[in-house]
Amino acid sequence: MIKISNLSKHFILHNQNSAVIPVMDQAEFSVAEGECVALVGQSGAGKSTLMRMIYGNYLAHNGAIWIGETNVVGATAREIIDLRRKTLGYVSQFLRVVPRVPTRDVVAEPLLALGEEQTKARRKAEELLSLLNIPEHLWDLSPTTFSGGEQQRVNIARGFVYDYPALLLDEPTASLDVKNRSIVLGLVESAKARGAAIIGIFHDEAARDQVCDRVIDVTQYTPKAA
Amino acid sequence: MNEYNFAYLDEQTKRMIRRAILKGLAIPGYQVPFASREMPMPYGWGTGGVQVSAATLTPKDTLKVIDQGADDTTNAISIRKFFQKTANVEVTEVTKDATVIQTRHRIPETDLSDEQILVYQVPIPEPLRFLEPSEPETRKMHALEEYGLMHVKLYEDISKHGAIATSYAYPVKVEGRYVMDPSPIPKFDNPKMEMSAIQLFGAGREQRIYALPPYTKVVSLDFEDYPFEASKAEHSCELCGSHNSYLDEVIVDDTGGRIFVCSDTDYCSSQQKIIKEAV
Amino acid sequence: MMSDRPLLDVRSVTKMYGCRIGCSSVSFDLWPGEVMGIVGESGSGKSTLLNCLAGHIEVDQGQVFFDTRSEGMKDTLLMSEPERRMLSRTDWAFVHQHARDGLRMSVSAGGNVGERLMAVGARHYGNIRDEAIDWLGRVEIHHSRIDDRPTAFSGGMQQRLQIARNLVTGPRLVFMDEPTGGLDVSVQARLLDLLRSLVREMGLSAIIVTHDLAVVRLLADRLMVMKDGYVVESGLTDQVLDDPQHAYTQLLVSSVLQV
């Protein structure tokens with residue numbers, strides 16, 4: 001489902017004397033349907049960078065990122081937007097909040113963007129919010145004032161409200177207590193069971209061991225210092 | 001004899017005005033620019049109407065001049081005397097005897113025939129002016145038939161007053177194409193604009209002439225749910241008893257007593273004559 | 001949701017002011033439901049470009065193909081004036097930075113919203129008024145204000161009224177010139193949220209010119225960065241803002257104050 005081949009990236013900081021910062025060199029791996037793969041490596045090795053490249057948030061300089069039949073490298077903006085809407089989900093570490101939008105609608109949005117009918121989308125959102133222990137009285141409020149853990153759970157709810165065939169999870173259990181952590185891992189297991197291909201970054205080793213089938217050490221793709 | 005050319009204007013000027021009139025008749029409701037001349041009366045006193053009449057009159061014509069329906073107001077008398085002096089034409093107060101009728105702010109009650117010409121004095125010829133101050137823009141709107149703004153004005157009236165409040169100079173659509181200002185005649189007179197006579201409109205200060213050939217379709221603008229009503233005061237004339245003519249309200253004493261009389265003086269006197277003869 | 005041809009196909013639009021560049025060789029396409037942001041600082045040419053696209057300024061070179069409902073892709077720059085005026089009253093909309101430029105200040109709110117309907121032949125007062133009330137509601141203006149003049153409205157309300165006035169005929173393409181410029185921050189947030197939902201509900205395509213990167217991050221799917229009349233970078237909004245490639249874009253992004 002997900003196939004990375006010969007993927008490389010560097011940053012050029014034009015305003016700092018055009019300093020070139022290589023971050024990835026010839027990354028290569030794939031993830032099958034129903035598999036969950038963890039990216040590991042020390043801080044700064046490029047785990048989040050890789051995830052962002054897969055999502056199209058960072059530009060890759062050569063190589064290919066296949067999500068199903070679409071190659072993210074060289075895809076047009078339209079194609080990537082379509083991919084993100086229907087195929088590739090992403091739960092980042094931070095919830096980027098649109099001001100004034102109630103939590104229920106924040107979570108329902110991916111379904112609404114797919115043309116799902118409003119009441120059904122909201123109901124699904126509510127199911128997930130309940131599952132993740134976000135109390136009902138918060139559903140009408142914007143998540144801007146929520147705690148870190150609550151925001152994270154809203155973020156996760158939004159990532160799981162639609163059955164994406166491919167999912168990217170960046171630290172999904174960070175800032176969660178034991179109870180909620182296990183619920184989130186349960187969501188990951190169900191996603192696997194329905195055939196989703198998942199790439200995750202987990203600092204929590206126990207969580208990683210529970211849901212991931214394999215581990216990929218991105219340090220092998222980190223360019224060696226010249 | 002007088003030193004003036006017939007009807008005051010020189011022949012070249014009359015030709016220029018006649019060309020404008022012909023163009024106006026060919027494009028009913030379209031405002032034709034013309035080079036308005038300096039007249040021996042100030043702007044705002046009917047110079048447009050006077051120029052159109054001057055270009056239209058021939059020595060054989062019989063002229064009637066009314067102002068708000070009356071032949072005997074100062075302005076009507078002045079203009080009538082002006083043409084008597086400069087054209088030496090026959091004048092009359094009887095509508096059906098006139099061949100050219102110059103009017104300010106009314107259409108005569110008596111039906112006009114296809115042998116007659118009605119000349120209107122027009123202050124502001126542009127019906128869109130109050131909502132769109134730019135002349136190039138209003139010209140474009142007419143050219144492109146963009147008249148939504150006209151209905152905005154009527155909409156505003158209804159929202160403010162509960163009904164279309166425009167009671168005079170009520171805008172009309174001519175032959176389904178141009179929107180026209182009929183001059184400040186009461187809306188009661190609008191239906192009369194579909195008539196057998198030729199109607200010519202002159203605005204001297206604004207330098208525009210427009211025209212309606214006989215039997216032109218003239219429709220007053222309205223909304224489907226607020227249709228046009230040619231309304232007048234709910235009274236009959238105190239002097240002749242007519243319920244069908246447009247009435248002036250006249251205060252008769254210091255205690256606010258009032259009577260309603262026909263605004264069209266010729267119509268009223270002919271009605272009175274009919275009653276007297278019937279007795 | 002994927003259509004087979006773009007809504008707008010812009011090719012090499014160039015506008016010169018003598019030897020000074022207004023905008024140079026700008027090309028892009030815009031698909032139904034897409035929002036394109038154009039950012040740049042003062043003098044970048046972004047407003048010039050927008051006005052060229054909307055037909056307000058004459059271009060020196062270039063074509064702007066629009067997918068008209070009746071005749072397919074047509075170069076709007078070659079359209080006759082009546083055609084273009086009709087287009088800008090029905091299928092296109094233009095939201096000005098200053099609401100005063102986009103409203104009739106001496107006409108009531110209801111009249112402002114109803115004007116485009118009346119311009120295309122609506123002749124039933126009751127229906128026009130009902131639609132106006134509906135639209136005022138959608139832009140969060142209470143229906144009791146329908147007979148008030150825009151002079152009695154706050155800046156944010158005027159802007160929302162302008163939006164309602166523009167959207168009432170269901171346009172497919174909306175041009176916006178600094179739509180939140182000059183508004184208080186809290187008012188901006190409300191307006192942006194409104195624009196987001198309207199764009200989504202109505203399947204609008206939009207081209208938004210702004211100097212505010214937060215606005216494009218929120219509203220735009222794609223982004224073009226302009227400098228001195230040229231497009232220096234373009235792509236997916238989040239990609240251009242998070243991984244800028246061009247020196248100028250990097251400068252722009254790093255200059256934004258984080259709150």
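Lettering follows sequence order; numbering is per chain, from 1.
- The shortest heavy-atom contact between E156(B) and S108(C) is OE2-OG, 2.6 Å.
- Residues of residues 135-147 of chain B that come closer than 4.5 Å to chain C, counting heavy atoms only, are E137(B), K140(B), M141(B), L144(B), E146(B), ordered by residue number.
- A heavy-atom distance below 4.5 Å is not found between the side chains of L154(B) and Y125(C).
- For residues 202-214 of chain B, heavy-atom neighbours of chain C at less than 4.5 Å comprise no residues at all.
- Counting heavy-atom neighbours within 6.0 Å of R100(C) CZ, excluding the residue itself, gives a total of 12 or less.
- Residues forming a side chain to side chain donor-acceptor pair (under 3.5 Å) with Y30(B) (at least two apart in sequence, or on another chain): none.
- For the pair D225(B) (side chain) and H124(C) (backbone), a donor-acceptor distance under 3.5 Å is absent.
- The two residues D222(B) and R123(C) have their closest heavy-atom pair at O-CD, 4.2 Å.
- The shortest side-chain heavy-atom distance between Y155(B) and R129(C) falls under the 4.5 Å cut-off.
- Heavy atoms closer than 4.5 Å to chain B are found in the side chain of R89(C), but not in its backbone.
- L221(B) does not touch chain C: none of its heavy atoms, backbone or side chain, sits under 4.5 Å away.
- Nearest heavy-atom pair across M118(C) and V152(B) is SD-N, 3.7 Å.
- Proximity to chain C at a heavy-atom threshold of 4.5 Å picks out nothing from residues 181-188 of chain B.
- Here the CD1-OG distance, from I128(C) to S159(B), works out to 11.5 Å after rounding to the nearest 0.5 Å.
- E132(B) has a carboxylate O that lies under 4.0 Å from a charged side-chain N of R104(C), or vice versa, which qualifies the two as a salt bridge.
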